[in-house]
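Read through the structure below, which is laid out as structure tokens, and then see the notes.
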Protein chains: 2
Amino acid sequence: MTTTGLEGFSLLDETWRAVTPDAARRMLIAAAHAFAGKGYHATTTRDIASLAGMSPAAVYIHYRSKEELLFNISLVGHETSLTLLSGIEGTGAVERLRNAVAAFAGWHAEFHTTARVVQYELGALSPEHHAEVAELRRQIEQRMRAYIADGIKEGVFDVPDLKGATLAVLSLCIDVARWYQPSGKRTPDEIGALYADLVLRMVRPN
Amino acid sequence: MTTTGLEGFSLLDETWRAVTPDAARRMLIAAAHAFAGKGYHATTTRDIASLAGMSPAAVYIHYRSKEELLFNISLVGHETSLTLLSGIEGTGAVERLRNAVAAFAGWHAEFHTTARVVQYELGALSPEHHAEVAELRRQIEQRMRAYIADGIKEGVFDVPDLKGATLAVLSLCIDVARWYQPSGKRTPDEIGALYADLVLRMVRPN
DNA sequence: CTTAGCGCTAAGCGCTCGCTTAGCGTGCAG
DNA sequence: CTGCACGCTAAGCGAGCGCTTAGCGCTAAG
């Protein structure tokens, strides 16, 4: 019996599957939990190491700095959510936007630990690292805008301001990471379905 | 000519008008700027003092701790936004919800500095202080829900899930504090109008 | 059996943190 | 003019920070 507090987690979350070796992955998962719970600056490298069940110095075997841990989490998180949003299928713009919002909002609930780091710790990245994830964020915005624009072309959506509507839809999904609690009444899938419904109401024509 | 970086600010923002003496107010404003810009934990008491144009020890003349500075900002910010949301007028539920969303979203843009501290630094408050602002947050939620519920009773709104819709509307407004930049294209009033419009589309009947 | 390589730990370095203490300078009551 | 109260500063304390260094124990090739 270990006492790291991460026993059941690494098995449930497949986000970090590709990270090797094992100790480096445990360190990343521990860091993601700590950053999500207390914020990057309030987390010490000793917190991360002890969550991962190792000594403080072990962090620096696999990562050059605490900021590099953050960057790895942020990069993988952005890539995962972009991939998710890019792989949306559906017949017609209505179904595609429904699936996109359900998936994107649902991801921010189900993986709220990673999502919180992704969305709220951007400012702690180095300028170079920040620029790298900013490019991914631009692609996420373009994808969502395209799903809405498709519906306008098809004539099934009507919005007064495409950029404004895209901003609002993304904003709605992202903010799920802030308020979501696993102990709450709604499951990630229910949140996805609720939000998809609300967004479709927002963009439907009169 | 001083070099505190706060020259034009205190005159523009009336949120802190009631805080006296003058040095205590300057300290609060400096802290709000620093917390909003870098986060509570990344801000040092030396940062705050030098932004306010005073020595590091001066912080402790007016406040017992750095956390007490945060609590004051959070409390006044929550009270201000609750007062704003409570004073909404309008003939009919449609106009009241329009005005409520415009005001609440607009506040999160115009006073995004305070709003960021209010919305994203709750976790740095002591348990006692957190409980105090949590009660104000409950009241804010109740107010917004009442505006939506009024429209359902009047028969001018139709939502599948009142609590879910309230959550989404508040979420949308709150997240403005995250992405808003004064250098952006939209003014706070324009954001308020855009969001009010989108929310009314979301709750309108078929 | 020897030994090189590697993942990891024990110990600790230099630094900066939140906060405290001692005392200075100003203004005002007597 | 004296003396004291008050707002503030200069200096610094103990603690804990990110990160480094020296070296341990295990594995496996020769």
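Per chain, numbering begins at 1; letters A, B, ... match sequence-line order.
Between Thr45(B) and dG18(C) there is a side-chain polar atom (N or O) within less than 4.0 angstrom of OP1 or OP2. Checking the phosphate oxygens (OP1, OP2) of dC17(D), no side-chain nitrogen or oxygen of His41(A) falls inside 4.0 Å.
For the salt bridge (charged side-chain N to carboxylate O under 4.0 Å, His left out) test, residues two or more places apart in sequence or in another chain that qualify with Arg186(A) are Asp161(B).
Here dC17(D) presents its C1' atom at 12 Å from CD1 of Ile48(A), a figure rounded to the nearest Å. In this structure, the OH atom of Tyr60(B) is 4 Å from the C1' atom of dG18(C), given to the nearest Å. Whole-Å rounding puts the Tyr63(B) OH to dG7(D) C1' distance at 14 Å. For the pair Ile61(A) CD1 and dC6(C) P, the computed distance is 12 Å after rounding to whole Å. Separating the CE atom of Met54(A) from the P atom of dG25(D) is a distance of 17 Å, rounded to the nearest angstrom.
Between Tyr195(A) and Trp179(A), the two ring planes are tilted [angle within 30° to 60°].
Neither side chain, Gln142(A) nor Arg137(A), offers a donor N or O lying under 3.5 Å from an acceptor on the other. Residues Gln119(B) and His108(B) bring a donor and an acceptor atom of their side chains to less than 3.5 Å of each other. Between the side chains of His112(B) and Gln181(B), not a single donor N or O lies within less than 3.5 Å of an accepting N or O.
Tyr63(A) approaches Glu68(A) most closely through the heavy-atom pair CA-OE1, 3.5 Å. Heavy atoms only, all atoms of each residue included: Arg26(A) and Ala52(A) are closest at NH2-O, 2.8 Å.
For the helix from dC1(C)-dG30(D) to dG30(C)-dC1(D), the terminal axes (five pairs an end, C1' atoms, rotation from four pairs onto the next four) enclose an angle of 20°, given to 10 degrees.
Partner of Lys38(A) under the side-chain hydrogen bond (donor to acceptor under 3.5 Å, both in side chains) criterion, out of Thr43(A), Thr44(A), Asp47(A): Asp47(A) alone.
Side-chain atoms of Arg46(A) and base atoms of dG18(D) include a donor and an acceptor less than 3.5 Å apart.
The Ala57(A) side chain lies nearest to dT21(D) when the options are dG18(C), dT21(D), dT21(C).
Electrostatic pairing of Glu141(B) and Arg138(B) does not count as a salt bridge here, judged by no charged N lying under 4.0 Å from a carboxylate O.
Contacts with DNA chain C (heavy atom under 4.0 Å) in residues 64-77 of chain B: Ser65(B), Lys66(B), listed by number.
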